[in-house]
2 protein chains.
Amino acid sequence: MSKYKNDYSKQFSEMFKALSNEHRLEIFLYLAKNCFPGELSTDKEMRASVGKLGEGLGIAPSTISHHLKELRQSGLIRMERKGKTIECWIEPDTLEDLIQFFQQAKGGK
Amino acid sequence: MSKYKNDYSKQFSEMFKALSNEHRLEIFLYLAKNCFPGELSTDKEMRASVGKLGEGLGIAPSTISHHLKELRQSGLIRMERKGKTIECWIEPDTLEDLIQFFQQAKGGK
DNA sequence: TTTATATTTCGACATATATCGAATTATAAA
DNA sequence: TTTATAATTCGATATATGTCGAAATATAAA
């Protein structure tokens, strides 16, 4: 088997690691559904606070914070302080990159 | 944040875990490129042995074996003994599932 | 300025993961 | 049947991960 790593393998494997935890995947899916920016990226409704994201997951705030850090560091989400809370939303380019990653793998190109 | 897990979250998080390791991702990409079944699924060239997949990765055969088991258990690849060797190939449906997973996430549906 | 709220950082700990080499199993070849 | 090849399983070990609670930090409210 010849080397089949490209320059992005490391980056993609880090995104997959971020999504390999069920709590992080759930957060990611929630953000993808509710907080995908675009036409209304400045609208408060398009973003979710750390506290909001923690609701219903049954884990400590410090753990949520840890998970969000992982999602951010892998390039899947963005975070920005807004007053007392910190707002989170999906990094839109990365979602498209992931689709292309698997389409290319499927195409065998 | 409301629960956003669906019935498949667990299964997807396991695939992402399998792809979170650089060695496994490399194996997966190699198989996707070279061993995607279809019109020639019985052709020897469409499959790769465990030994072949280990070449050039610089890790022990037992470790390759471990990684392939993870890829198989997560549903990303298939394996079948053929004489002395064990042949590996991509599970084609799963690749399409992954594309749809991210397309759906992007669509916000 | 003091207090309350939201979040992060730190230190600890239990569990999971990646890896190896040795031993084992399965098959084919001599 | 004995030997060689391919791959897996096992046991060990070092490192990484998920989690918590306590303490620290940032901001807003009183």
Side-chain angles (χ1 to χ4, degrees), chain A residues 1 5 9-28 30-31 35 44-45 47-89, chain B residues 1 5 9-28 30-31 35 44-45 47-89:
Chain A
M1 177 198 175
K5 252 188 310 196
S9 292
K10 175 91 181 163
Q11 206 172 333
F12 276 108
S13 69
E14 277 168 10
M15 284 191 273
F16 296 139
K17 187 184 298 181
L19 296 176
S20 73
N21 176 275
E22 281 197 88
H23 287 142
R24 287 194 295 263
L25 183 56
E26 190 169 353
I27 291 169
F28 174 79
Y30 178 88
L31 286 176
C35 308
K44 249 189 161 179
E45 295 302 308
R47 303 185 177 191
S49 68
V50 175
K52 172 100 180 170
L53 291 168
E55 285 171 24
L57 287 182
I59 49 183
S62 58
T63 305
I64 299 292
S65 184
H66 162 70
H67 283 323
L68 288 169
K69 191 178 182 180
E70 301 260 314
L71 287 166
R72 181 173 52 74
Q73 287 178 337
S74 75
L76 287 166
I77 70 168
R78 290 202 194 168
M79 301 172 75
E80 195 176 279
R81 180 173 282 276
K82 191 104 172 196
K84 246 190 307 190
T85 72
I86 292 186
E87 296 177 335
C88 310
W89 68 100
Chain B
M1 176 196 176
K5 253 188 309 199
S9 291
K10 175 95 182 163
Q11 204 171 333
F12 277 109
S13 69
E14 276 167 10
M15 286 190 271
F16 297 139
K17 188 185 298 181
L19 296 176
S20 73
N21 177 276
E22 281 197 86
H23 288 142
R24 287 195 296 263
L25 183 56
E26 191 169 353
I27 290 169
F28 175 79
Y30 178 87
L31 287 175
C35 308
K44 247 190 162 179
E45 295 301 310
R47 300 184 179 193
S49 68
V50 175
K52 170 101 180 168
L53 291 168
E55 286 171 23
L57 286 183
I59 49 183
S62 57
T63 306
I64 299 291
S65 186
H66 162 71
H67 283 322
L68 288 169
K69 191 177 182 182
E70 301 261 317
L71 286 167
R72 181 175 52 74
Q73 287 179 335
S74 75
L76 287 165
I77 70 168
R78 290 202 194 169
M79 302 172 74
E80 196 175 278
R81 180 173 282 276
K82 190 103 173 197
K84 245 190 306 190
T85 71
I86 293 185
E87 296 176 335
C88 309
W89 68 99

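In what follows, chains carry the letters A, B, and so on, assigned in the order in which the sequence lines appear, proteins first and then strands, with residues in each chain numbered from 1.
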- Message: Within the 4.0 Å heavy-atom criterion, would you say B:S62 contacts the bases, only the backbone, or no part of the nucleic acid?
- Response: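 Answer is base: heavy atoms of B:S62 come under 4.0 Å of a base.
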- Query: Which is true for A:H67 with a 4.0 Å heavy-atom rule: it touches a base, it touches only sugar-phosphate, or it touches nothing?
  - Reply: sugar-phosphate
Distance, rounded to the nearest Å, where [X] contributes [atom1] and [N] contributes [atom2]:
X	N	atom1	atom2	value
A:E22	C:dA16	CD	C1'	15 Å
A:R24	D:dA16	CZ	P	15 Å
B:H66	D:dA7	NE2	P	17 Å
A:K69	C:dT8	NZ	C1'	8 Å
B:L53	D:dA6	CG	P	14 Å
B:E87	D:dA7	CD	C1'	14 Å
A:E70	D:dT19	CD	P	11 Å
B:L71	C:dA18	CG	P	10 Å

- Item | Verdict with supporting geometry, B:M79 and B:I77, side chain to side chain contact (heavy atoms under 4.5 Å, CB included) | CA-CA 7 Å; B:M79 302 172 74; B:I77 70 168; 4.1 Å; yes
- Message: Does a side-chain N or O of B:N21 approach OP1 or OP2 of C:dT17 to a distance below 4.0 Å, or not?
- Response: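 For C:dT17, OP1/OP2 do not have a side-chain N/O of B:N21 under 4.0 Å.
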- Task: Would you please confirm or rule out a distance under 4.0 Å between OP1 or OP2 of D:dT17 and any side-chain N or O of A:K17?
- Result: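 Yes, within the criterion.
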Measure from the side chain of [X], starting at C-beta and using heavy atoms only, and say which of [options] lies closest.
X	options	result
B:I86	C:dA29, D:dT8, C:dT7	D:dT8
A:T63	C:dA6, C:dT9, D:dT19	D:dT19
A:I59	C:dT5, C:dC20, D:dC20	D:dC20

- Query: Is it true that a side-chain atom of B:R72 and a backbone atom of B:S74 form a donor plus acceptor pair closer than 3.5 Å?
  - Reply: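 Checked: no pair found.
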- Message: Within this structure, what is the CZ-CZ distance for the pair A:R24 and B:F16, rounded to the nearest 0.5 Å?
- Response: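 Taking CZ in A:R24 and CZ in B:F16, the distance rounds to 12.5 Å.
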- CD1 (B:I27) and CG (B:L57) are apart, to the nearest 0.5 Å, by 5.5 Å
- Salt-bridge criterion met for B:E80 and B:R47 (N-O under 4.0 Å):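 B:R47 and B:E80: salt-bridged.
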